[in-house]
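Quick note on labels: first sequence line is chain A, next is B, and so on, each numbered from 1.
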Amino acid sequence: MNDTLKPLVKPFSIRNVAETDYLPVTLPWRPILWVVWIIFSLVGIMGLIQRFLEGHLPAGYGSYVPWGLWIGIYFHGVGMAGGAFLLGGLGYIFGWKGFHDEKNLRQMIVLAVSTILPAFFAVWLDLGQLARFQNIFFHPSFTSMMAFNSWMYSVFLVLAGIIWVMSYRPKGNYWLKPFVCLGVVFSILFPSQSGAFFGVVDAKGYWHSALLPMMFLLSAITAGSSLLLLARVLIEASADRKLSGEELENEHAMIGTLRLVVLLGLIGYFVFEFAEFSITLWNPYIHAPALRLVLFGPYWWVFWVVHLFVGGLIPLALLLSKWRFGWTIAAFLVAVCFISARLNVLIPGQAVGELAGLQEAFQDERLRYIYHATPMEYWVGLFTVAMGMAIFVIGRRINFFAHSVFDPKPDEAKTSDPNN
Amino acid sequence: MKMNRREFTRSVALVGAGVATTASFAFKDRLPKKSSDPAGAETVREIPPLESIPQTTQEDPLLRMERELHKAMTKPVEERKWVMIIDQRKCVGCHACTVGCIAENHLPPGVVYRPVTSEESGEFPNVRLKFTPRPCMQCEQPPCVPVCPVKATWRRPDGVTIVDYDKCIGCRYCLTACPYGARTSDFGRYYTASEAEGASRLQGSPLCGSDPHMAYEDIPNHELAKSWDRSHHKSPMGNARKCTFCLHRLEVGLLPICSTTCIGRANLFGDANDPESLVSETLAKEPTYTLLPHKGTKPRVFYIA
């Protein structure tokens, strides 16, 4: 086989990462991830088949709660993409230890793409007219935050592609960092716009808050950083080498920075959330049905257990400890559980009608202010996760393949991580 | 910062250009634009007047509104201002308007243009039931229009907000933006799903999905004076749908179905630009109110309590 193509087919192998202790070496991470991916893919394909054969009929959303789990996944995915790029881009521009080289930049781009594409897929499946999605690009109305958002994501993807290509010729290229700068600006803009997407809807009192864009940006940075941390640890766990010397120092520095960002992001997000909730609830006679749904409604556990306890307090405790594997667990919990932050904005905002008695006026299963995600929605949700994992792995292979083609430095190639 | 002067200058220029372009797109679609809707002489309709029924001073409001409608249709569309007035004192909550609307527009399950809410107040024996029919408010400042990402919904020159079912991508953003809940999504359901002859045989077939149904449910409707055939998952299936004040009926000189089916003559409709019309007269004489006025949408559906 051609030497250049070998890395493409070479499977991951798990080696000792005892130097860093971010993952216990005794566990077979590669088979575990494969099993997870296969299960998610198979279950997800079942959901997809159902979606394409039966349309929206097996879904739980209706006309009064028109957006459900898939839209939550969409905003979580694009948020993580923005957050990951923002941090990686800033690290590259400012030369933060561990973030400063082009390999990391490319990894970060692959991570951003592997979260944003499944997010697009989720929102595409949510459309009533799948074959017309391109109208948003060819006939956009920029008074709509949705059109504005879609264009932002698309421009961001193009920018990411340009940066990825440029990163192979960094020396003497005076456009790379300017493009990274522009990418960073976009990765601030579009997660904030995700908040504005809801914030501009005057009809929903719970959404109509100027704090929402800030909260979405902060949650994007927090979840994106945690995903970067998690990806970094898994990459090292699957690398065919031991880290030592400067590389090890860089690794520690990068994970240390990410740990700090996740920690501060968590604290910041909960401070914002406290500000929002406490102001709303301060007056004992205030009528805040959406917020009461969040705190005491049928899905109270999403806020108190998933969001606050598992996605907030446990990661905070773990990140404050010196237990390095605990940081990885915290990153995983934040990356997964922060979808509850999105859902806690999305669903309660819709679940309260402005006109009294509308639900009772014309009774139908699709005309209710209640939403429960159906198995099909969960299955398709798992498919998006599997899709992200696949894009990430394929992206990294392409990274290495391109690296060996465009940047063949023999001395470096021998010693560098083939998966980088 | 690990950046030389050249990189810094280019960064500032690139970011500046990016932000400026973004801002220009944001403002571009806010500038006033000329409506592409048909207007002027081509929208004038010559509808034969109701000569077979002699006009009297005490005639049925329906007849009067019908005559006024014919008169309004002789004007170009931009000179008409359709308004609806719902007299809650006369509404008995019979839901004839809801049912009439469903029949007229061939609405599938879960799609409703005109539900009637009921509200009970007082304590026995002093109780009152108040009914509030809720069509689309045809707002002067409709919040559902600017949120559409593909320009599939807009306000016509006569004030009726419509959806182009051929453009709508079914994102349902407009559903969330309407404070009145006046838009519903057509999720592709049928009343006779699984009840149709041979349904059990067709159940799960890729041709019918899980929803085989009786053929009459595929008969096209004629909203916006076009034929819309839902069979084979065609629009408006998958789209946002809403009340249009029965524009297809107005075009041929018929009142909206909710007005004609109202047994209490509680639903008045007409051209507010005609100072002699029943709606103009009622708006001048009776105290009216609109739903959710604090939303600033300026509805063109008025209520008399």
- Item | Toward chain B, the part of A:Asn149 with a non-hydrogen atom under 4.5 Å | neither
- Which of residues 363-374 of chain A get closer than 4.5 angstrom to chain B, counting heavy atoms alone? A:Asp364, A:Glu365, A:Arg366, A:Leu367
- Test item: B:Val147 and A:Met146 side chains (from C-beta on) under 4.5 Å apart, heavy atoms: no
- Given side chains that start at C-beta, do those of A:Asn135 and B:Lys151 come closer than 4.5 Å, heavy atoms only? no
- Message: Are the side chains of A:Leu355 and B:Tyr180 in contact, using a 4.5 Å heavy-atom criterion?
- Response: yes
- Query: Counting N and O atoms only, with roles assigned by atom type, does the side chain of B:Tyr173 sit under 3.5 Å from a partner on the main chain of A:Phe197, one being a donor and the other an acceptor?
  - Reply: yes
- Residues of residues 135-145 of chain B under 4.5 Å from chain A (heavy atom pairs)? none
Distance-only donor-acceptor pairs under 3.5 Å for side chains of residues 7-18 of chain B, two or more places apart:
unit_1  : atom_1 : unit_2 : atom_2 : d
B:Glu7  : OE1    : B:Asn4 : N      : 3.2
B:Thr9  : OG1    : B:Arg5 : O      : 2.7
B:Ser11 : OG     : B:Glu7 : O      : 2.8

- Between the main-chain N or O of B:Cys168 and the side-chain N or O of A:Arg132, is there a donor-acceptor pair closer than 3.5 Å? yes
- Message: Please enumerate all residues that pass side-chain hydrogen bond (donor to acceptor under 3.5 Å, both in side chains) together with B:Asn105, with sequence neighbours excluded.
- Response: none
- Query: With a 4.5 angstrom heavy-atom cut-off, which part of A:Tyr92 approaches chain B: side chain, backbone, both or neither?
  - Reply: neither
- Item | Region of A:Ala356 that comes under 4.5 Å of a non-hydrogen atom in chain B | backbone
